[in-house]
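A short worksheet on the structure shown next.
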Amino acid sequence: MDGPTAAPPINEAISQANKYVRIAQMYLDRTAPKWMERWLATGVLLALFLLRILVAQGVSPAPDALFIYLLNLFLAFLQPKFDPSIEQDAMETSVEEGGEEGLPTSAKDDEFRPFIRRLPEWKFWIAATRASLIALGCTVTRVFDVPVYWPILVVYFCILFAITMRRQIRHMIKYKYVPFDFSKAKYSGNSRRI
């Protein structure tokens, strides 16, 4: 051993992979404030995926798996992080066990509680884009071209969508929360300056 020893090839591969991960993270961080562009890009990716399915005329469970996964993500996006039904059940259980009185006061009910999502928009976008890329990759190879009767899967997805959205909308109405805020809060007050 008369010279410096070279780093093992695995260490060099790991350092290169870390370098590419940092570059990818840098580009992801730059897209964070541009939500419209991000979702448009994901929409284009989904359109390419559907075009690939139509052009290839392959019968695959990939589209149904993707859309069921996207439905699951969307439901997590719509739900509050702290579910009021679980909190209400815990309060009722506490009262039944002889704990504190579970009667709410009007001050507590009128208190402002911001809507915090179970799945934030950024993580929703990342997961949806990643799933779309994986599904598009699955359509490129013939390995995932499993024969299925697609009309049954389409009907199954439509029924699943209708049932879950109906349940979610009922939950939103019952606990009086709206997961979307399309306008900026406007405050009324005296605009006269002294």
Side-chain angles (χ1 to χ4, degrees), residues 7-83 115-169 171-172 177-182:
I10 190 73
N11 289 345
E12 189 173 321
I14 290 173
S15 67
Q16 284 295 326
N18 287 337
K19 175 184 167 187
Y20 291 125
V21 166
R22 281 193 305 272
I23 290 171
Q25 187 63 45
M26 179 187 67
Y27 285 118
L28 281 175
D29 291 343
R30 288 182 182 176
T31 64
K34 302 174 183 173
W35 67 270
M36 181 68 78
E37 290 86 353
R38 286 188 285 121
W39 282 105
L40 283 174
T42 302
V44 167
L45 186 62
L46 282 170
L48 285 173
F49 171 72
L50 292 175
L51 183 66
R52 169 73 182 140
I53 294 294
L54 291 174
V55 168
Q57 294 182 353
V59 181
S60 169
D64 297 301
L66 172 65
F67 288 119
I68 289 172
Y69 179 69
L70 291 177
L71 176 64
N72 186 24
L73 289 176
F74 184 63
L75 287 174
F77 177 72
L78 289 178
Q79 294 174 348
K81 186 173 186 177
F82 306 106
D83 192 356
F115 185 80
I116 301 170
R117 299 181 186 283
R118 180 177 292 175
L119 180 68
E121 184 268 338
W122 173 259
K123 290 183 180 181
F124 179 28
W125 174 75
I126 289 281
T129 304
R130 186 178 298 142
S132 301
L133 284 170
I134 290 170
L136 188 61
C138 288
T139 61
V140 173
T141 180
R142 305 271 319 170
V143 173
F144 297 103
D145 200 9
V146 179
V148 292
Y149 188 63
W150 66 269
I152 290 176
L153 293 177
V154 171
V155 169
Y156 171 72
F157 177 76
C158 291
I159 291 172
L160 183 68
F161 179 80
I163 290 171
T164 54
M165 289 309 296
R166 183 180 68 190
R167 192 182 88 223
Q168 184 63 34
I169 290 170
H171 190 269
M172 289 167 32
Y177 67 90
V178 179
F180 299 109
D181 184 20
F182 293 112

message = Working to the nearest 0.5 angstrom, can you tell me the gap between D64 CG and L160 CG?
response = 10.5 Å
ask   = Would a 4.5 Å heavy-atom cut-off, applied to side chains only, mark C138 and I134 as touching?
value = yes
query = How many angstroms lie between OG1 in T31 and CD1 in I126, if you round to the nearest 0.5 Å?
reply = 6.5 Å
key: Any R52 side-chain heavy atom under 4.5 Å of F49 side chain   = no
Crowding at CH2, W122 (>12 non-hydrogen neighbours, <6.0 Å) = yes
task = Please round to the nearest 0.5 Å and tell me the distance separating atom CZ of R38 and atom CG of L28.
result = 9.5 Å
task = With rounding to the nearest 0.5 Å, note down the distance linking CE in M172 to CD1 in I169.
result = 6.0 Å
task = Grab the two heavy atoms, one from S132 and one from L46, that are nearest each other, plus how far apart they are.
result = OG-CD2, 3.3 Å
key: Pairwise distance CG(L40) to CG(L45) - rounded to 0.5 angstrom   = 12.5 Å
Only distances under 3.5 Å count here; give the side-chain donor-acceptor pairs of residues 16-27 to other protein atoms, sequence neighbours excluded, each with its distance to 0.1 Å.
{"residue": "N18", "atom": "ND2", "partner": "I14", "partner atom": "O", "Å": "3.4"}
{"residue": "Q25", "atom": "NE2", "partner": "D29", "partner atom": "OD1", "Å": "2.9"}

message = Within a 6.0 Å radius of atom CZ on F161, are there more than 12 heavy atoms belonging to other residues, nucleotides or ligands?
response = no
What pairs of donor and acceptor atoms, side-chain ones from residues 69-81 against any protein atom, are under 3.5 angstrom apart with sequence neighbours left out?
{"residue": "Q79", "atom": "OE1", "partner": "R118", "partner atom": "NH1", "Å": "2.5"}
{"residue": "Q79", "atom": "NE2", "partner": "Q168", "partner atom": "OE1", "Å": "3.3"}

query = Mind checking whether V155 and I159 have side chains closer than 4.5 Å, heavy atoms only?
reply = yes
query = Atom CH2 in W39, atom CZ in F124: separation rounded to 0.5 Å?
reply = 4.0 Å
